[in-house]
Amino acid sequence: MEEYAHILDYLAQGLPSGGYAKREPLCYAVGEEEFKLFELIPKANAAINIGDRVYIGKEANMRTQVDHIKRRVGFDELTNAAKAELDFIVLDIVMKDQKRFIRFYNEAEAISLRKHMLEELPGLGKKTLISILDERKKGAFKDLAELGSRVPLLKGPEKLIVKRIVLELSDMTLKHYIFVR
């Protein structure tokens with residue numbers, strides 16, 4: 001279960017399509033651990049900004065900005081502003097928890113005889129895959145910066161992870177899910 005989420009969009013007046021009687025402030029957010037997308041109801045007079053990290057766990061007394069989770073939403077239900085912020089927020093999450101994502105590069109294995117799990121990252125081809133695997137044999141990568149310096153073919157390893165996470169959120173027909181649950 002998600003404990004923390006990052007605000008993608010804040011609608012102080014609620015959804016424009018909602019009726020006037022039911023309009024309440026609303027936030028769209030992405031979870032920090034499983035990248036679930038949420039519609040949140042903020043507390044009255046809460047100061048909420050895009051990019052804020054908010055507590056959404058079970059402990060009601062720890063919720064200083066969010067009153068409750070209204071529902072989970074799909075990628076298509078996000079506002080255009082939330083979709084535009086998603087890449088930046090996910091990049092922020094990836095960079096703050098590099099150990100988790102460098103573990104993927106260090107431990108990823110073959111899916112089948114013809115395909116490696118690393119090839120699921122958009123834009124990563126066979127040559128780059130071979131370079132990563134060769135460097136990995138020499139020793140585990142400590143962080144994303146070291147990975148980028150040891151594998152010159154790989155430009156922005158964190159950006160590949162971000163692209164994959166956003167792809168998993170937006171395309172429900174994928175065969176393999178790596179980061180999104």
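Quick note: residue numbers are just sequence positions, from 1. Values in this document were obtained by computation on a predicted structure and should not be read as measured data.
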Would you say [X] and [Y] are hydrophobically clustered, going by side-chain heavy atoms of ILVMFWY under 4.5 Å?
X      : Y      : result
Val73  : Ile7   : no
Ile89  : Tyr10  : no
Ile111 : Leu118 : yes
Val90  : Ile102 : yes
Leu133 : Leu147 : yes

Going by ring-ring contact (aromatic ring centres under 6.0 Å, His included), name the pairs with one or both residues in residues 105-152, residues two or more places apart or in two chains.
none
Do Glu168 and Arg164 sit within salt-bridge range, that is, some charged N less than 4.0 Å from a carboxylate O?
yes
Within the 4.5 Å heavy-atom criterion, are [X] and [Y] side-chain neighbours or not?
X      : Y     : result
Val66  : Pro42 : no
Leu144 : Met95 : yes
Phe75  : Leu37 : yes
Ile165 : Leu86 : no
Ile93  : His6  : yes

What residues, two or more places apart in sequence or in another chain, satisfy ring-ring contact (aromatic ring centres under 6.0 Å, His included) together with Tyr177?
none
Listed partners of Phe179 passing ring-ring contact (aromatic ring centres under 6.0 Å, His included), at least two apart
Phe101, Phe104
Just to verify, what does [X] make a side chain to side chain donor-acceptor pair (under 3.5 Å) with, not counting sequence neighbours?
X     : value
Thr79 : Asp9
Asp92 : Lys96
Tyr55 : Glu3

Got more than 12 heavy atoms from elsewhere within 6.0 Å of CE, Met1?
yes
Nearest heavy-atom neighbours spanning [X] and [Y]:
X      : Y      : result
Ile41  : Glu24  : CD1-OE2, 3.4 Å
Glu34  : Lys36  : OE1-CE, 2.6 Å
Leu167 : Leu174 : O-CD1, 3.9 Å
Glu120 : Lys115 : OE2-CE, 2.9 Å
Arg63  : Gly57  : NH2-O, 2.7 Å

Give me each pair satisfying salt bridge (Lys or Arg N to Asp or Glu O under 4.0 Å) with a member in residues 139-149, each pair once, sequence neighbours excluded.
Glu146-Arg150
Could you name each residue pair satisfying salt bridge (Lys or Arg N to Asp or Glu O under 4.0 Å) that touches residues 72-88, not counting sequence neighbours?
Arg71-Glu77
Would Thr64 and Lys43 count as a side chain to side chain contact (heavy atoms under 4.5 Å, CB included) here? Give the steps.
CA-CA 8 Å; Thr64 57; Lys43 287 193 173 191; over 6 Å; no
Sequence-distant partners of Ile69, side-chain contact (heavy atoms from CB on, under 4.5 Å), two or more places apart
Phe38, Leu40, Ile56
Ignoring hydrogens and angles, write down the donor-acceptor pairs under 3.5 Å from the side chains of residues 44-53, residues two or more places apart or on other chains.
{"unit_1": "Asp52", "atom_1": "OD2", "unit_2": "Asn49", "atom_2": "N", "d": "2.8"}
{"unit_1": "Arg53", "atom_1": "NE", "unit_2": "Glu32", "atom_2": "OE2", "d": "2.7"}
{"unit_1": "Arg53", "atom_1": "NH2", "unit_2": "Glu32", "atom_2": "OE1", "d": "3.1"}

Ignoring hydrogens and angles, tell me if any N or O in the side chain of Ser170 forms a donor-acceptor pair with the backbone of Val166 under 3.5 Å.
yes
Report yes or no: does Arg100 contribute a side-chain atom to a donor-acceptor pair with the main-chain N or O of Glu33 at less than 3.5 Å?
yes
Show me, pair by pair, the donor-acceptor contacts under 3.5 angstrom made by side chains of residues 155-163, not counting sequence neighbours?
{"unit_1": "Lys155", "atom_1": "NZ", "unit_2": "Pro152", "atom_2": "O", "d": "2.8"}

With rounding to the nearest 0.5 Å, note down the distance linking CG in Leu153 to OG1 in Thr128.
5.0 Å
Nearest 0.5 angstrom please: Ser112 OG to Met117 CE, how far?
11.0 Å
Set of salt bridge (Lys or Arg N to Asp or Glu O under 4.0 Å) partners for Lys127, sequence neighbours left out
none
